[in-house]
**Student:** 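Quick one: the structure is below, questions incoming.
Read the numbers this way: they start at 1 and go in the same order the structure lists the ligands and their atoms.
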Amino acid sequence: MFSAFEKDSNKKINNINSNAFRGKTIICIGANAGIGLAMCDHVAQSGVKRLVMGCRSMDKGEAARSEIKERCPDLVVDLWQIDLSSLNSVRSFGQRWTEQAEDARTIDTLFLNAGLISPNTASSSSADGLEMTYACNVIGHLALISHLLPCLNSTDSRIIFTGSGAYMFTSLPSRPPPNKRTPLRDSWNVYGYVINAFAIYADSKLLLNVVVKELQQRLADKHIWVGVYHPGAVNTTITDKAHYGVSWLITYPFTYIMSYFGRTPAEGAAPGLHLASEPKENLPGGAYWNEYAQIELVKQAEDAELRKRYFDRCVEDARVDPAVFVA
Ligand SMILES: NC(=O)c1ccc[n+]([C@@H]2O[C@H](COP(=O)([O-])OP(=O)(O)OC[C@H]3O[C@@H](n4cnc5c(N)ncnc54)[C@H](OP(=O)(O)O)[C@@H]3O)[C@@H](O)[C@H]2O)c1
(Lines give C-alpha, C1' and ligand atoms only; values in the text may rest on other atoms or scores of the structure.)
Protein backbone atom coordinates (compact mmCIF):
# COMPACT_ATOMS: atom_id res chain seq x y z
CA MET A 1 0.00 0.00 0.00
CA PHE A 2 1.20 3.52 -0.90
CA SER A 3 4.59 2.29 -2.04
CA ALA A 4 4.94 5.52 -3.99
CA PHE A 5 4.98 7.50 -0.76
CA GLU A 6 7.53 5.28 0.84
CA LYS A 7 10.21 5.66 -1.80
CA ASP A 8 13.03 7.60 -0.27
CA SER A 9 13.81 10.00 -3.04
CA ASN A 10 14.22 13.75 -2.78
CA LYS A 11 12.10 14.03 -5.91
CA LYS A 12 9.08 12.50 -4.21
CA ILE A 13 7.02 13.59 -1.25
CA ASN A 14 7.14 10.94 1.42
CA ASN A 15 6.14 12.91 4.49
CA ILE A 16 2.39 12.60 4.69
CA ASN A 17 1.16 12.52 8.24
CA SER A 18 -1.73 10.13 7.67
CA ASN A 19 -2.72 10.25 11.34
CA ALA A 20 -3.82 13.83 10.77
CA PHE A 21 -6.80 12.57 8.74
CA ARG A 22 -8.19 10.52 11.60
CA GLY A 23 -11.76 11.56 12.46
CA LYS A 24 -11.97 14.24 9.78
CA THR A 25 -14.67 15.08 7.27
CA ILE A 26 -13.20 15.44 3.81
CA ILE A 27 -14.76 16.46 0.52
CA CYS A 28 -12.94 15.82 -2.72
CA ILE A 29 -14.28 17.34 -5.95
CA GLY A 30 -13.17 15.49 -9.10
CA ALA A 31 -12.85 12.28 -7.14
CA ASN A 32 -13.65 9.56 -9.64
CA ALA A 33 -10.30 9.33 -11.40
CA GLY A 34 -6.63 10.19 -11.41
CA ILE A 35 -5.22 12.34 -8.63
CA GLY A 36 -8.59 12.88 -6.92
CA LEU A 37 -9.24 9.16 -6.65
CA ALA A 38 -5.73 8.60 -5.28
CA MET A 39 -6.34 11.29 -2.64
CA CYS A 40 -9.62 9.66 -1.65
CA ASP A 41 -7.95 6.27 -1.48
CA HIS A 42 -5.27 7.58 0.84
CA VAL A 43 -7.53 9.42 3.26
CA ALA A 44 -10.06 6.55 3.27
CA GLN A 45 -7.31 4.28 4.56
CA SER A 46 -6.22 6.83 7.14
CA GLY A 47 -9.22 6.71 9.47
CA VAL A 48 -11.34 9.65 8.27
CA LYS A 49 -14.81 10.02 9.77
CA ARG A 50 -16.50 10.70 6.45
CA LEU A 51 -15.40 11.01 2.86
CA VAL A 52 -17.58 12.74 0.27
CA MET A 53 -16.67 12.21 -3.37
CA GLY A 54 -17.98 14.96 -5.63
CA CYS A 55 -18.21 13.68 -9.21
CA ARG A 56 -19.91 14.88 -12.36
CA SER A 57 -20.59 11.36 -13.64
CA MET A 58 -22.47 9.19 -11.17
CA ASP A 59 -21.50 6.02 -13.10
CA LYS A 60 -17.79 6.76 -12.91
CA GLY A 61 -18.24 7.98 -9.36
CA GLU A 62 -19.99 4.80 -8.29
CA ALA A 63 -17.20 2.67 -9.76
CA ALA A 64 -14.62 4.74 -7.86
CA ARG A 65 -16.62 4.62 -4.63
CA SER A 66 -16.93 0.81 -4.90
CA GLU A 67 -13.15 0.57 -5.28
CA ILE A 68 -12.66 2.49 -2.05
CA LYS A 69 -15.43 0.67 -0.20
CA GLU A 70 -13.83 -2.64 -1.10
CA ARG A 71 -10.72 -1.59 0.81
CA CYS A 72 -12.56 0.24 3.59
CA PRO A 73 -15.94 -1.48 4.00
CA ASP A 74 -16.80 0.25 7.30
CA LEU A 75 -16.10 3.78 6.17
CA VAL A 76 -18.87 6.25 5.34
CA VAL A 77 -18.16 7.16 1.72
CA ASP A 78 -20.77 9.36 0.07
CA LEU A 79 -21.03 10.01 -3.64
CA TRP A 80 -22.55 13.38 -4.53
CA GLN A 81 -23.14 14.68 -8.02
CA ILE A 82 -21.58 17.99 -9.02
CA ASP A 83 -20.86 19.50 -12.41
CA LEU A 84 -18.58 22.51 -12.09
CA SER A 85 -19.63 23.73 -15.51
CA SER A 86 -23.08 24.53 -14.14
CA LEU A 87 -23.60 27.07 -11.37
CA ASN A 88 -26.98 25.45 -10.67
CA SER A 89 -25.33 22.11 -10.07
CA VAL A 90 -22.75 23.73 -7.80
CA ARG A 91 -25.50 25.54 -5.88
CA SER A 92 -27.43 22.26 -5.43
CA PHE A 93 -24.35 20.59 -3.98
CA GLY A 94 -23.86 23.52 -1.59
CA GLN A 95 -27.53 23.58 -0.54
CA ARG A 96 -27.60 19.85 0.03
CA TRP A 97 -24.53 20.17 2.23
CA THR A 98 -25.82 23.05 4.34
CA GLU A 99 -29.22 21.38 4.80
CA GLN A 100 -27.67 18.45 6.64
CA ALA A 101 -27.94 18.11 10.41
CA GLU A 102 -25.68 20.64 12.10
CA ASP A 103 -23.23 18.05 13.42
CA ALA A 104 -22.68 16.66 9.89
CA ARG A 105 -21.91 19.97 8.21
CA THR A 106 -18.44 20.86 9.38
CA ILE A 107 -15.78 20.36 6.70
CA ASP A 108 -12.16 19.83 7.66
CA THR A 109 -10.61 19.51 4.21
CA LEU A 110 -12.02 20.57 0.88
CA PHE A 111 -9.93 19.20 -1.97
CA LEU A 112 -10.81 21.20 -5.09
CA ASN A 113 -9.11 18.86 -7.50
CA ALA A 114 -11.36 18.77 -10.58
CA GLY A 115 -9.91 20.31 -13.70
CA LEU A 116 -9.99 19.92 -17.43
CA ILE A 117 -8.62 20.85 -20.78
CA SER A 118 -11.43 21.42 -23.24
CA PRO A 119 -10.33 20.59 -26.78
CA ASN A 120 -13.73 20.37 -28.54
CA THR A 121 -15.80 23.32 -29.73
CA ALA A 122 -18.90 21.39 -28.67
CA SER A 123 -17.75 21.53 -25.06
CA SER A 124 -16.20 24.98 -25.02
CA SER A 125 -19.10 26.76 -23.30
CA SER A 126 -20.46 26.14 -19.83
CA ALA A 127 -24.16 25.94 -18.98
CA ASP A 128 -23.87 29.59 -17.92
CA GLY A 129 -22.26 30.80 -21.15
CA LEU A 130 -18.73 31.02 -19.79
CA GLU A 131 -15.69 29.58 -21.54
CA MET A 132 -15.57 25.99 -20.31
CA THR A 133 -12.03 25.73 -18.91
CA TYR A 134 -12.40 29.00 -17.01
CA ALA A 135 -15.83 27.85 -15.74
CA CYS A 136 -14.62 24.46 -14.46
CA ASN A 137 -11.10 25.19 -13.31
CA VAL A 138 -11.84 28.44 -11.51
CA ILE A 139 -15.45 29.66 -11.36
CA GLY A 140 -17.20 26.45 -10.30
CA HIS A 141 -14.72 26.02 -7.45
CA LEU A 142 -15.10 29.61 -6.28
CA ALA A 143 -18.89 29.33 -6.35
CA LEU A 144 -18.69 26.11 -4.36
CA ILE A 145 -16.50 27.73 -1.70
CA SER A 146 -19.05 30.54 -1.35
CA HIS A 147 -21.81 28.00 -0.64
CA LEU A 148 -19.74 25.89 1.77
CA LEU A 149 -18.03 28.75 3.59
CA PRO A 150 -20.17 28.62 6.77
CA CYS A 151 -19.28 24.93 7.10
CA LEU A 152 -15.51 25.43 6.84
CA ASN A 153 -15.57 26.12 10.54
CA SER A 154 -13.52 23.34 12.11
CA THR A 155 -10.37 24.17 14.04
CA ASP A 156 -8.36 22.96 11.04
CA SER A 157 -10.38 23.81 7.92
CA ARG A 158 -8.38 23.85 4.71
CA ILE A 159 -9.12 24.45 1.05
CA ILE A 160 -6.61 22.76 -1.23
CA PHE A 161 -6.70 23.34 -4.98
CA THR A 162 -4.95 21.17 -7.51
CA GLY A 163 -3.22 23.70 -9.71
CA SER A 164 -0.61 23.21 -12.38
CA GLY A 165 2.92 24.24 -13.19
CA ALA A 166 1.50 25.11 -16.62
CA TYR A 167 0.76 28.52 -15.09
CA MET A 168 4.35 29.54 -15.83
CA PHE A 169 3.78 29.44 -19.60
CA THR A 170 1.43 32.39 -19.52
CA SER A 171 0.68 35.78 -18.02
CA LEU A 172 -2.47 37.76 -17.43
CA PRO A 173 -3.14 41.22 -18.84
CA SER A 174 -3.01 43.75 -16.00
CA ARG A 175 -6.80 44.23 -16.29
CA PRO A 176 -9.32 41.51 -17.11
CA PRO A 177 -10.48 42.04 -20.70
CA PRO A 178 -14.20 42.86 -21.08
CA ASN A 179 -15.13 39.57 -22.86
CA LYS A 180 -18.24 38.35 -21.00
CA ARG A 181 -17.30 34.66 -21.48
CA THR A 182 -13.91 34.86 -19.83
CA PRO A 183 -11.24 37.27 -18.62
CA LEU A 184 -8.70 34.77 -20.01
CA ARG A 185 -8.04 33.82 -23.61
CA ASP A 186 -11.21 32.69 -25.32
CA SER A 187 -11.21 29.54 -27.46
CA TRP A 188 -9.94 29.63 -31.04
CA ASN A 189 -12.14 27.19 -32.85
CA VAL A 190 -10.89 25.52 -36.02
CA TYR A 191 -13.03 22.82 -37.64
CA GLY A 192 -14.63 21.94 -34.33
CA TYR A 193 -11.44 21.93 -32.28
CA VAL A 194 -10.13 24.39 -29.77
CA ILE A 195 -6.59 24.83 -31.00
CA ASN A 196 -5.47 26.91 -28.03
CA ALA A 197 -6.92 24.56 -25.39
CA PHE A 198 -3.59 24.21 -23.57
CA ALA A 199 -3.02 27.98 -23.50
CA ILE A 200 -6.45 28.50 -21.92
CA TYR A 201 -5.69 25.74 -19.44
CA ALA A 202 -2.42 27.46 -18.48
CA ASP A 203 -4.29 30.79 -18.10
CA SER A 204 -6.85 29.16 -15.84
CA LYS A 205 -4.16 27.70 -13.59
CA LEU A 206 -2.34 31.03 -13.32
CA LEU A 207 -5.64 32.66 -12.42
CA LEU A 208 -6.11 29.99 -9.77
CA ASN A 209 -2.84 31.05 -8.13
CA VAL A 210 -4.05 34.65 -8.11
CA VAL A 211 -7.45 33.68 -6.70
CA VAL A 212 -5.90 31.48 -3.99
CA LYS A 213 -3.69 34.28 -2.75
CA GLU A 214 -6.60 36.71 -2.58
CA LEU A 215 -8.93 34.13 -1.01
CA GLN A 216 -6.41 33.46 1.74
CA GLN A 217 -6.28 37.12 2.62
CA ARG A 218 -10.05 37.38 2.68
CA LEU A 219 -10.57 34.19 4.68
CA ALA A 220 -7.74 34.65 7.16
CA ASP A 221 -10.10 35.99 9.86
CA LYS A 222 -12.14 32.81 9.55
CA HIS A 223 -8.98 30.76 10.16
CA ILE A 224 -9.40 28.88 6.91
CA TRP A 225 -6.16 27.81 5.26
CA VAL A 226 -5.98 28.01 1.45
CA GLY A 227 -3.31 26.65 -0.88
CA VAL A 228 -2.74 25.40 -4.40
CA TYR A 229 -0.26 22.77 -5.51
CA HIS A 230 1.17 21.25 -8.67
CA PRO A 231 1.00 17.44 -8.72
CA GLY A 232 3.78 17.05 -11.30
CA ALA A 233 3.29 15.41 -14.69
CA VAL A 234 0.94 12.57 -13.82
CA ASN A 235 -0.35 9.63 -15.80
CA THR A 236 -4.13 10.13 -15.49
CA THR A 237 -7.22 10.31 -17.68
CA ILE A 238 -7.02 14.08 -18.18
CA THR A 239 -6.17 13.84 -21.88
CA ASP A 240 -7.97 10.58 -22.44
CA LYS A 241 -11.73 11.15 -22.42
CA ALA A 242 -14.24 9.54 -24.75
CA HIS A 243 -15.84 12.92 -25.57
CA TYR A 244 -12.54 14.38 -26.81
CA GLY A 245 -13.23 12.52 -30.09
CA VAL A 246 -10.78 13.03 -32.93
CA SER A 247 -8.76 15.45 -30.87
CA TRP A 248 -7.05 12.32 -29.57
CA LEU A 249 -4.65 13.10 -32.44
CA ILE A 250 -3.36 15.84 -30.17
CA THR A 251 -3.92 14.20 -26.81
CA TYR A 252 -2.82 10.64 -27.65
CA PRO A 253 0.92 11.39 -27.88
CA PHE A 254 0.72 13.20 -24.52
CA THR A 255 -1.12 10.26 -22.93
CA TYR A 256 1.42 7.84 -24.41
CA ILE A 257 4.42 9.77 -23.08
CA MET A 258 2.79 10.11 -19.67
CA SER A 259 2.22 6.38 -19.44
CA TYR A 260 6.00 5.93 -19.51
CA PHE A 261 7.35 9.02 -17.82
CA GLY A 262 4.51 10.42 -15.70
CA ARG A 263 4.14 10.11 -11.96
CA THR A 264 1.52 7.69 -10.71
CA PRO A 265 -1.71 9.30 -9.45
CA ALA A 266 -0.65 8.39 -5.88
CA GLU A 267 2.61 10.28 -6.40
CA GLY A 268 0.70 13.20 -7.92
CA ALA A 269 -1.65 13.30 -4.92
CA ALA A 270 1.22 13.32 -2.42
CA PRO A 271 1.96 17.07 -2.28
CA GLY A 272 -1.76 17.78 -1.75
CA LEU A 273 -1.97 15.19 1.00
CA HIS A 274 1.14 16.68 2.57
CA LEU A 275 -0.51 20.12 2.61
CA ALA A 276 -3.64 18.61 4.12
CA SER A 277 -1.80 16.79 6.89
CA GLU A 278 1.09 19.02 7.97
CA PRO A 279 0.31 21.33 10.95
CA LYS A 280 -1.04 24.59 9.55
CA GLU A 281 1.51 26.60 11.54
CA ASN A 282 4.22 25.16 9.27
CA LEU A 283 2.44 26.14 6.06
CA PRO A 284 2.21 29.74 4.86
CA GLY A 285 -1.31 30.26 3.47
CA GLY A 286 -2.26 31.49 0.01
CA ALA A 287 0.82 30.06 -1.68
CA TYR A 288 1.52 27.98 -4.77
CA TRP A 289 3.40 24.75 -3.94
CA ASN A 290 5.31 22.82 -6.55
CA GLU A 291 5.34 19.04 -6.99
CA TYR A 292 7.93 18.68 -4.21
CA ALA A 293 5.67 20.68 -1.87
CA GLN A 294 7.97 23.68 -1.97
CA ILE A 295 6.64 27.22 -2.28
CA GLU A 296 7.22 29.00 -5.57
CA LEU A 297 6.64 32.71 -5.90
CA VAL A 298 4.06 33.53 -8.56
CA LYS A 299 4.82 37.08 -9.57
CA GLN A 300 1.34 38.09 -10.72
CA ALA A 301 -0.25 36.68 -7.57
CA GLU A 302 1.89 39.14 -5.59
CA ASP A 303 0.38 42.13 -7.42
CA ALA A 304 -2.41 43.24 -5.05
CA GLU A 305 -4.19 45.43 -7.59
CA LEU A 306 -4.19 42.86 -10.36
CA ARG A 307 -5.29 40.26 -7.85
CA LYS A 308 -8.26 42.32 -6.70
CA ARG A 309 -9.36 43.05 -10.27
CA TYR A 310 -9.33 39.40 -11.29
CA PHE A 311 -10.84 38.20 -8.03
CA ASP A 312 -13.73 40.66 -8.34
CA ARG A 313 -14.31 39.54 -11.93
CA CYS A 314 -14.36 35.89 -10.83
CA VAL A 315 -16.79 36.66 -8.01
CA GLU A 316 -19.07 38.36 -10.54
CA ASP A 317 -18.88 35.43 -12.99
CA ALA A 318 -19.51 32.95 -10.17
CA ARG A 319 -22.62 35.00 -9.28
CA VAL A 320 -21.50 35.25 -5.72
CA ASP A 321 -22.58 38.08 -3.44
CA PRO A 322 -19.33 40.07 -3.09
CA ALA A 323 -20.09 40.48 0.62
CA VAL A 324 -19.36 36.76 1.10
CA PHE A 325 -15.67 37.33 0.50
CA VAL A 326 -15.20 40.65 2.22
CA ALA A 327 -12.33 40.27 4.67
N1 LIG B 1 -2.26 14.88 -14.93
C2 LIG B 1 -1.36 15.84 -14.87
O3 LIG B 1 -0.21 15.69 -15.37
C4 LIG B 1 -1.68 17.14 -14.20
C5 LIG B 1 -0.66 18.11 -14.14
C6 LIG B 1 -0.93 19.31 -13.50
C7 LIG B 1 -2.17 19.51 -12.93
N8 LIG B 1 -3.15 18.57 -13.02
C9 LIG B 1 -4.45 18.87 -12.40
O10 LIG B 1 -4.81 17.80 -11.56
C11 LIG B 1 -6.23 17.80 -11.39
C12 LIG B 1 -6.73 16.38 -11.54
O13 LIG B 1 -6.52 15.97 -12.88
P14 LIG B 1 -6.10 14.50 -13.30
O15 LIG B 1 -4.82 14.61 -14.00
O16 LIG B 1 -6.26 13.57 -12.18
O17 LIG B 1 -7.17 14.22 -14.45
P18 LIG B 1 -8.49 13.35 -14.50
O19 LIG B 1 -8.15 11.93 -14.29
O20 LIG B 1 -9.21 13.73 -15.72
O21 LIG B 1 -9.29 13.89 -13.23
C22 LIG B 1 -9.96 15.13 -13.30
C23 LIG B 1 -11.21 15.03 -12.48
O24 LIG B 1 -11.95 16.25 -12.62
C25 LIG B 1 -13.28 15.90 -12.97
N26 LIG B 1 -13.98 16.94 -13.71
C27 LIG B 1 -13.67 17.45 -14.93
N28 LIG B 1 -14.60 18.33 -15.28
C29 LIG B 1 -15.50 18.39 -14.29
C30 LIG B 1 -16.71 19.10 -14.07
N31 LIG B 1 -17.21 19.94 -14.99
N32 LIG B 1 -17.38 18.93 -12.92
C33 LIG B 1 -16.93 18.07 -11.99
N34 LIG B 1 -15.81 17.35 -12.13
C35 LIG B 1 -15.12 17.51 -13.27
C36 LIG B 1 -13.10 14.66 -13.84
O37 LIG B 1 -14.33 14.01 -14.03
P38 LIG B 1 -14.55 13.11 -15.38
O39 LIG B 1 -13.84 11.83 -15.14
O40 LIG B 1 -16.01 12.99 -15.46
O41 LIG B 1 -13.95 13.90 -16.51
C42 LIG B 1 -12.11 13.90 -13.00
O43 LIG B 1 -12.72 13.28 -11.91
C44 LIG B 1 -6.76 18.77 -12.42
O45 LIG B 1 -7.10 19.98 -11.79
C46 LIG B 1 -5.61 18.98 -13.36
O47 LIG B 1 -5.65 20.23 -13.99
C48 LIG B 1 -2.92 17.39 -13.64
Side-chain angles (χ1 to χ4, degrees), residues 27-41 52-65 67 79-93 111-120 123-128 130-141 143-144 160-169 197-198 200-209 212 228-244 251 254-273 288-291:
I27 300 179
C28 179
I29 305 296
N32 63 274
I35 296 159
L37 179 55
M39 278 175 160
C40 290
D41 208 14
V52 179
M53 303 172 73
C55 300
R56 78 172 150 180
S57 152
M58 289 304 269
D59 288 348
K60 286 193 205 174
E62 193 48 61
R65 194 177 86 99
E67 238 181 78
L79 171 64
W80 285 26
Q81 209 274 335
I82 181 166
D83 183 347
L84 292 170
S85 72
S86 157
L87 292 174
N88 272 340
S89 169
V90 173
R91 190 177 309 112
S92 301
F93 187 104
F111 285 117
L112 295 173
N113 168 72
L116 50 67
I117 295 177
S118 198
N120 298 100
S123 60
S124 66
S125 291
S126 76
D128 308 287
L130 298 172
E131 188 283 316
M132 185 60 112
T133 312
Y134 169 59
C136 291
N137 294 4
V138 183
I139 295 305
H141 290 305
L144 184 61
I160 299 171
F161 285 89
T162 311
S164 170
Y167 86 85
M168 63 183 68
F169 297 119
F198 181 79
I200 298 174
Y201 174 79
D203 284 356
S204 74
K205 295 296 185 176
L206 173 56
L207 180 58
L208 211 48
N209 295 342
V212 161
V228 53
Y229 77 96
H230 173 50
V234 188
N235 182 23
T236 67
T237 62
I238 195 161
T239 53
D240 185 18
K241 311 267 177 189
H243 66 274
Y244 284 179
T251 60
F254 182 80
T255 309
Y256 183 77
I257 292 166
M258 280 299 163
S259 69
Y260 283 98
F261 299 109
R263 287 179 160 194
T264 64
E267 288 168 339
L273 292 166
Y288 166 82
W289 304 76
N290 69 16
E291 68 269 44

**Student:** Should you measure from each heavy atom of His230, which atoms of ligand 1 turn up under 4.0 Å away?
**Tutor:** 6 (C)
**Student:** Got a donor-acceptor contact below 3.5 angstrom from the Lys205 side chain to the Thr162 backbone?
**Tutor:** yes
**Student:** Nearest to atom 4 (C) of ligand 1 by heavy atom, Ala233, Gly232, Gly268: which?
**Tutor:** Gly232
**Student:** Just to be sure I read this right, does ligand 1 sit under 4.0 Å from the backbone of Leu116, its side chain, both, or neither, counting only heavy atoms?
**Tutor:** side chain
**Student:** For ligand 1, is there an N or O atom under 3.5 Å from any N or O atom of Leu84?
**Tutor:** yes
**Student:** Taking 4.0 Å as the limit for heavy-atom contacts, which would you say applies to Met258 with ligand 1: side chain only, backbone only, both, or neither?
**Tutor:** neither
**Student:** Within a strict 4.5 Å, meaning less than it, do heavy atoms of the Leu208 and Tyr167 side chains meet?
**Tutor:** no
**Student:** Could you measure the distance from the CG atom of Leu37 to the CE atom of Met53? Nearest 0.5 Å is fine.
**Tutor:** 5.5 Å
**Student:** Quick one: closest heavy-atom pair of Ala143 and Leu87, and the distance?
**Tutor:** CB-CD2, 3.7 Å
**Student:** Any idea which part of Asn113 is under 4.0 Å from ligand 1, heavy-atom wise: side chain, backbone, both or neither?
**Tutor:** both
**Student:** With a 4.5 Å limit on heavy-atom distance, are the side chains of Ile117 and Thr133 in contact?
**Tutor:** no
**Student:** If you measure every N or O of Cys55 against every N or O of ligand 1, does any of those distances drop under 3.5 Å?
**Tutor:** no
**Student:** Check the angle between the aromatic planes of Phe161 and His141 and answer parallel, tilted or perpendicular using the 30° and 60° thresholds.
**Tutor:** perpendicular
**Student:** Using heavy-atom distances only, which candidate in Ala135, Gly30, Pro265 approaches atom 23 (C) of ligand 1 most closely?
**Tutor:** Gly30
**Student:** For atom 7 (C) of ligand 1, which candidate among Gly163, Ser86, Gly115 provides the closest heavy atom?
**Tutor:** Gly163
**Student:** Report the distance from atom CG of Asp59 to atom CG of Leu79, rounding to the nearest 0.5 Å.
**Tutor:** 9.5 Å
**Student:** Below 3.5 angstrom, do we get any N/O pair linking Asn32 and ligand 1?
**Tutor:** yes
**Student:** Any N or O on Ile35 sitting closer than 3.5 Å to an N or O of ligand 1?
**Tutor:** yes
**Student:** For the CG atom of Asn137 and the OG atom of Ser164, what is their distance to the nearest 0.5 Å?
**Tutor:** 9.5 Å
**Student:** Regarding atom 31 (N) of ligand 1: of the candidates Asp83, Leu112, Val234, Thr133, which has the closest heavy atom?
**Tutor:** Asp83
**Student:** Classify the contact between Cys136 and ligand 1 as side chain, backbone, both or neither, using a heavy-atom distance cut-off of under 4.0 Å.
**Tutor:** side chain
**Student:** Is a donor on one side and an acceptor on the other found under 3.5 Å between the side chain of Arg263 and the backbone of Glu291?
**Tutor:** yes
**Student:** Side chain to side chain contact (heavy atoms under 4.5 Å, CB included), that's the test. Do Tyr134 and Ile139 meet it? Break it down for me.
**Tutor:** CA-CA 6 Å; Tyr134 169 59; Ile139 295 305; 3.3 Å; yes
**Student:** If I take atom CG from residue Leu130 and atom OG from residue Ser124, how far apart are they, to the nearest 0.5 angstrom?
**Tutor:** 11.5 Å
**Student:** By number and element, which atoms of ligand 1 are closer than 4.0 Å to a non-hydrogen atom of Ser85?
**Tutor:** 31 (N)
**Student:** What part of Pro231 sits under 4.0 Å from ligand 1 if we count only heavy atoms: the side chain, the backbone, both or neither?
**Tutor:** side chain
**Student:** Decide yes or no on side chain to side chain contact (heavy atoms under 4.5 Å, CB included) for Phe111 and Leu273, but give the supporting numbers first.
**Tutor:** CA-CA 9 Å; Phe111 285 117; Leu273 292 166; 4.1 Å; yes
**Student:** Numbering the atoms of ligand 1 from 1, which are under 4.0 Å from a heavy atom of Lys60?
**Tutor:** 38 (P), 39 (O), 40 (O), 41 (O)
**Student:** Side chains of Leu144 and Phe93: closer than 4.5 Å at any heavy-atom pair?
**Tutor:** yes
**Student:** Taking 4.0 angstrom as the limit and counting only heavy atoms of Ala114, give me the atoms of ligand 1 inside it, by number and element.
**Tutor:** 24 (O), 25 (C), 26 (N), 34 (N), 35 (C), 45 (O)
**Student:** Relative to the heavy atoms of Tyr201, which atoms of ligand 1 are at a distance of less than 4.0 Å?
**Tutor:** 6 (C), 7 (C), 8 (N), 9 (C), 46 (C), 47 (O)
**Student:** Quick one: does Arg56 get an N or O within less than 3.5 Å of an N or O on ligand 1?
**Tutor:** yes
**Student:** For Ile82, counting its heavy atoms only, list the atoms of ligand 1 lying under 4.0 Å from any of them.
**Tutor:** 32 (N), 33 (C)
**Student:** Could you list which atoms of ligand 1 come closer than 4.0 Å to a heavy atom of Ala33?
**Tutor:** 19 (O), 43 (O)
**Student:** Can you check whether Ser164 has an N/O within less than 3.5 Å of an N/O in ligand 1?
**Tutor:** no
**Student:** Should His230 and Pro271 count as side-chain neighbours, where that means a heavy-atom distance under 4.5 Å?
**Tutor:** no
**Student:** Which of the atoms in ligand 1, numbered in the order shown and given with their element, are less than 4.0 Å from a heavy-atom of Gly34?
**Tutor:** 16 (O), 19 (O)
